[in-house]
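Lettering follows sequence order; numbering is per chain, from 1. Just so it is clear, the values below take in all heavy atoms, side chains as well, and ignore hydrogens, waters and symmetry mates.
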2 protein chains.
Amino acid sequence: MLRLSKLTDYAVVVLVRLAGTGDVQTSPGIAAATGIPEPTVAKVLKTLTLGDLVSSQRGARGGYRLNRALEDIPIADVIAAIDGPIALTACVDGSSLGCESQGLCAMRGRWDPVNDAIRRALTAITLADMQKGLLPAFRTPSPAARLLSAAE
Amino acid sequence: MLRLSKLTDYAVVVLVRLAGTGDVQTSPGIAAATGIPEPTVAKVLKTLTLGDLVSSQRGARGGYRLNRALEDIPIADVIAAIDGPIALTACVDGSSLGCESQGLCAMRGRWDPVNDAIRRALTAITLADMQKGLLPAFRTPSPAARLLSAAE
DNA sequence: ATCAATCAGGACCGCAGTGGTCCGGATAAC
DNA sequence: GTTATCCGGACCACTGCGGTCCTGATTGAT
């Protein structure tokens, strides 16, 4: 089902909220503003910090602050930060034994172009595009967007 | 991680194998040829039948046969048949209560264009493209596509 | 008519990953 | 020093997936 983790969904909401004010915001504050349970918000924020999307300020009057503008954050980055690298995981996991030994897993590596296409599509859309329902990526055709529109 | 179910991976292998001979093939036969455990092959085939990608012939000397040529099967169809409709499941599930009530799930429906972009990308690539490393959608050779064609 | 081969459609189970919570420690403003 | 806040990890319930098996229904061959 190509499921995207719910955490990623939360992350988008949190990031957009974080962009609302240029000021630092605490995780309880964001939790209250978004309705997402506080511990979960904290977890998301922590993960986003590791992904270098937000910066944290410790201590009293601390909080989180956005690193880049929404326009400069493709969702691909958010997904990568939360869910790890974007890949449809063909036989990437350690089970290369029954695969290689038979020598007939002819599809090995064939998913790469598919992954690539998805990565492209996900890089073409930024958080700013999601905030407003508009999609400039499809108007000013980026290379990826042109590929996509050419496909229809 | 945008994980794709392993069953879908199997399905691609099975479908390509099924295209090898124009003849009907039994699931034990395909299992032997692909190295995938027989019950799993059967399950995949059954699911693909529901998805109208293959036809089944019951009884002795029965088996499965491909409905369309590989060129006419976009991976989007395979994924849809195995994993269900392609959607990154934003708040699609019934939990619209905490979402709507707060009125701040501003992201509601915002994932649609993302889903759309992915669907597009997935429709542009057919099983035939995966079989041979070529990708007509990327006539301008992407790094990945070049790697693939160089690999054979 | 009987038998064997094959698909159909379930039920079933173990396991991993996700969503979600909580706690002790470090850090910095007041 | 006290307090507010982030940090890092441990922890658990639950869902869904991968995988197996069993009992019918169907059809060709004997």
Side-chain angles (χ1 to χ4, degrees), chain A residues 1-11 13-14 18 23-32 34-51 53-65 79 82-84 87-95 98-99, chain B residues 1-11 13-14 18 23-32 34-65 79 82-84 88-95 98-99:
Chain A
M1 168 186 355
L2 263 183
R3 229 177 63 256
L4 188 61
S5 79
K6 204 181 295 183
L7 271 302
T8 305
D9 194 13
Y10 289 161
V13 178
V14 166
L18 209 47
D23 232 6
V24 295
Q25 298 183 47
T26 74
S27 54
I30 297 180
T34 57
I36 304 172
E38 194 275 337
T40 302
V41 172
K43 191 177 211 173
V44 168
L45 254 345
K46 274 184 280 187
T47 311
L48 289 178
T49 305
L50 291 184
L53 288 174
V54 303
S55 297
S56 64
Q57 171 81 21
R58 277 198 173 186
R61 309 205 54 85
Y64 292 93
R65 192 167 28 83
I79 297 178
I82 300 287
D83 287 344
L88 304 190
T89 64
C91 3
V92 188
D93 41 355
S95 69
C99 226
Chain B
M1 164 183 3
L2 262 182
R3 230 177 62 256
L4 186 62
S5 80
K6 204 182 294 185
L7 271 303
T8 306
D9 194 12
Y10 290 162
V13 177
V14 166
L18 210 47
D23 231 7
V24 294
Q25 297 183 46
T26 73
S27 55
I30 297 180
T34 58
I36 304 172
E38 195 275 337
T40 302
V41 172
K43 191 179 211 171
V44 168
L45 254 345
K46 273 184 280 188
T47 311
L48 289 178
T49 304
L50 292 184
D52 204 36
L53 288 174
V54 303
S55 297
S56 64
Q57 170 81 22
R58 277 196 171 187
R61 308 205 55 85
Y64 292 94
R65 192 167 29 81
I79 297 178
I82 301 288
D83 287 344
L88 303 191
T89 63
C91 3
V92 188
D93 43 354
S95 69
C99 227

If I take atom [atom1] in residue [X] and atom [atom2] in nucleotide [N], what distance separates them, rounded to the nearest angstrom?
X: A:Leu7; N: C:dT21; atom1: CG; atom2: P; answer: 11 Å
X: A:Asp9; N: C:dT18; atom1: CG; atom2: P; answer: 16 Å
X: A:Ile82; N: C:dG20; atom1: CD1; atom2: C1'; answer: 14 Å
X: B:Arg65; N: C:dT6; atom1: CZ; atom2: C1'; answer: 15 Å
X: A:Arg58; N: D:dC6; atom1: CZ; atom2: P; answer: 10 Å

Which heavy atom of [X] sits nearest to which heavy atom of [Y], and what is that distance?
X: B:Ala31; Y: B:Pro37; result: CB-C, 4.3 Å
X: A:Ser27; Y: A:Val41; result: O-CG1, 3.7 Å
X: A:Leu18; Y: A:Arg65; result: CD2-C, 4.3 Å

Is any side-chain nitrogen or oxygen of [X] closer than 4.0 Å to OP1 or OP2 of [N]?
X: B:Ser27; N: C:dC7; value: yes
X: A:Gln57; N: C:dA29; value: yes
X: B:Ser56; N: C:dA8; value: yes
X: B:Tyr10; N: D:dC17; value: no

Query raised in the report: So what is the end-to-end bend of the helix from C:dA1-D:dT30 to C:dC30-D:dG1, with 5 pairs used at each end and the value given to 10 degrees?
Result: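 The value is 10°.
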
Query raised in the report: Do B:Leu48 and B:Ile82 pass the side chain to side chain contact (heavy atoms under 4.5 Å, CB included) test, and can you show the C-alpha distance, the side-chain angles, and the key distance before you say yes or no?
Result: CA-CA 7 Å; B:Leu48 289 178; B:Ile82 301 288; 4.0 Å; yes

Enter the distance from [X]:[atom1] to [Y]:[atom2] here, rounded to the nearest 0.5 Å.
X: B:Thr26; Y: B:Gln57; atom1: OG1; atom2: CD; answer: 13.0 Å
X: A:Thr40; Y: A:Glu38; atom1: OG1; atom2: CD; answer: 8.5 Å
X: A:Ile79; Y: A:Leu7; atom1: CD1; atom2: CG; answer: 12.5 Å
X: A:Ser56; Y: A:Lys46; atom1: OG; atom2: NZ; answer: 11.0 Å

Taking the side chain of [X] as its heavy atoms from C-beta onward, which of [options] lies nearest to it?
X: A:Ala60; options: D:dA4, D:dA25, C:dG19; answer: D:dA4
X: B:Tyr64; options: C:dG20, D:dG18, C:dA8; answer: C:dA8
X: B:Lys6; options: D:dG24, C:dA28, D:dG18; answer: D:dG18

Query - Of residues 38-50 of chain A, the positions that come close to DNA chain D - non-hydrogen atoms, cut-off under 4.0 Å - result: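 Contacts with DNA chain D under 4.0 Å: A:Lys46.
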
Query raised in the report: When the nearest nucleotide of DNA chain C is assigned to B:Arg61 and to A:Arg61 on a heavy-atom basis, which residue is associated with the more 5' position?
Result: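 So the residue in question is B:Arg61.
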
Query - Among A:Leu45, A:Ile36, A:Val13, the one residue meeting side-chain contact (heavy atoms from CB on, under 4.5 Å) with A:Ile30 - result: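 Of A:Leu45, A:Ile36, A:Val13, side-chain contact (heavy atoms from CB on, under 4.5 Å) with A:Ile30 is met by A:Leu45 alone.
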
